[in-house]
Engineer: 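There's a structure below that I have some questions on.
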Amino acid sequence: MNLHPFVAVRRELHQIPEPGFEEVKTQRYLLDFLSRLPSDRIEVETWRTGIIVRIPGRNPRRVLGWRSDMDGLPMEEETSVDFRSIHPGHMHACGHDMHMAIALGIVDAVVHEPIDDDLVVLFQPAEEGPGGALPMLESDAFRRLQPDELFALHIGPDWPVGTIATRPGILFANTSELYIDLVGVSGHASLPHRSNDMVIAASQLAMQLQTIVSRNIDPLDSAILTLGKVTIGTRQNIIPGKARLEGTIRTLSMESMEKVKHRIRQLVKGIETGFECEAHIDWGANYCQVENNRALTQEFMEWADREGGVRVIPCREAMAGEDFGYFLREIPGFMFWLGVDTQHGLHHPRLNPQEEAIPTAIRLVTKYLRWRGSRPSEG
Ligand SMILES: CC(=O)N[C@@H](CCC[C@H](N)C(=O)O)C(=O)O
């Protein structure tokens, strides 16, 4: 059976997942693809491991933009597909391989049949961390080619192929990473009184942190504090003097984010006093919420229902994070979920999105850009 060309692209990209700002092979693959397109129809610029593509329009009044992320996740793939990751310990488990294949499909379609407005397509590194959107947004390369409106999608495991889901206003949460180091005194397992055991301090802290959302945040204002990794100790008969707790905070308002951080500082101070240890907090990468432009989103949802060949599902906010929010803070636009109907969700080692969603998305987005490109600007 003949594979759809951009499904084949996705499979090739799926094999080479790389961490944020190390997307070297990925960038080379994308550049290679772009170099095979007619060079008089396309301008290609690199920014770190990312790429900015500009395709001039037929009768441009403004610049429309599309954004894809690029990076993979540090996890071992557990699917049995024959195109699984060849990079041990790394996997495209958040669909960025799908996003890139779709973005290339859009570039290919618009190069061969231009839209009225100019189109800029961003391949943005490091969405999973430390965050490529903000530095890309602030770069000279981006400022030179900056779009007037910007759109993106994210694969949505919960929705069937042929559907999209989005909403005007907040779609994704504010995020902050969280790293807490505790330092006590290590020692012999038989001499607890001469050491300062960080297993106990870290366990207490982990439990206390889980009281913040339930006791300090307004129940009508969602928040999450997840610890995804706790590292303590080296073997069973050594009392460990060091512990590291790693997690993420999600909120739907900046006020709640500040409140959660304030409570974390207080609880960590309490652990320092109570367990006579030293503690250090690092907030890592912080992403602002993805807030869809209301008018453009509403218009898109109505258009997609009418003409896009997909079913549009109005959805609730998600507590996932996306540094695309930084772009939307400056540039009107929106993001939507693309139904890919998978049993295993994002960040799962068996994530296996339905690839028929790729041609569906290319058709939908290209048609929308064509339509939007022929419409007057907002306001
Ligand atoms: C869509 C998605 O899964 N995004 C990631 C973004 C990560 C943000 C940051 N590195 C963090 O962990 O807080 C997510 O986990 O939601």
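As the structure lists them, so they are numbered: ligands from 1, and atoms in each ligand from 1. The analysis underlying the following values was restricted to heavy atoms, covering all of them including side chains, and did not include hydrogens, waters or symmetry mates.
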Engineer: May I ask you to check if ligand 1 and R250 share an N or O to N or O distance below 3.5 Å?
Structural biologist: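 R250 vs ligand 1: N/O contact under 3.5 Å present.
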
Engineer: Determine, using ring centers only, whether F123 and Y29 are less than 6.0 Å apart.
Structural biologist: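 No.
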
Engineer: Between E128 and ligand 1, which residue portion shows a heavy-atom distance shorter than 4.0 Å: side chain, backbone, both, or neither?
Structural biologist: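 The answer is both.
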
Engineer: Would you say E177 and ligand 1 have an N/O pair spaced under 3.5 Å apart?
Structural biologist: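 E177 vs ligand 1: N/O contact under 3.5 Å present.
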
Engineer: Please work out which of L178, I249, T248 has its closest non-hydrogen atom nearest to atom 13 (O) of ligand 1.
Structural biologist: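 Among L178, I249, T248, the closest heavy atom to atom 13 (O) of ligand 1 comes from T248.
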
Engineer: Below 4.0 angstrom, N of the basic side chain to O of the carboxylate: do D32 and R36 qualify?
Structural biologist: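 Yes, this pair counts.
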
Engineer: State yes or no: are the ring centers of F300 and F336 separated by less than 6.0 Å?
Structural biologist: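 When the ring centroids of F300 and F336 are compared, they turn out to be within the sub-6.0 Å range.
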
Engineer: Check whether any heavy atom of M319 sits under 4.0 Å from an atom of ligand 1.
Structural biologist: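 No; M319 lies far enough from ligand 1 that no heavy-atom distance drops under 4.0 Å.
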
Engineer: Check ligand 1 against C94 and write out every atom of the ligand that is under 4.0 Å from a heavy-atom position of the residue.
Structural biologist: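 Listed by number with element, the hits are 1 (C), 2 (C), 3 (O).
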
Engineer: Quick one: does any side-chain atom of R61 pair with a main-chain N or O of R375 as donor and acceptor, under 3.5 Å?
Structural biologist: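 Yes; at least one donor-acceptor contact below 3.5 Å.
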
Engineer: Walk me through whether R294 and N292 qualify under side-chain hydrogen bond (donor to acceptor under 3.5 Å, both in side chains).
Structural biologist: CA-CA 6 Å; R294 286 181 177 275; N292 285 340; over 6 Å; no

Engineer: Identify which of G228, A173, G247, G321 has a heavy atom lying nearest to atom 4 (N) of ligand 1.
Structural biologist: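 Answer by nearest heavy atom: G321.
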
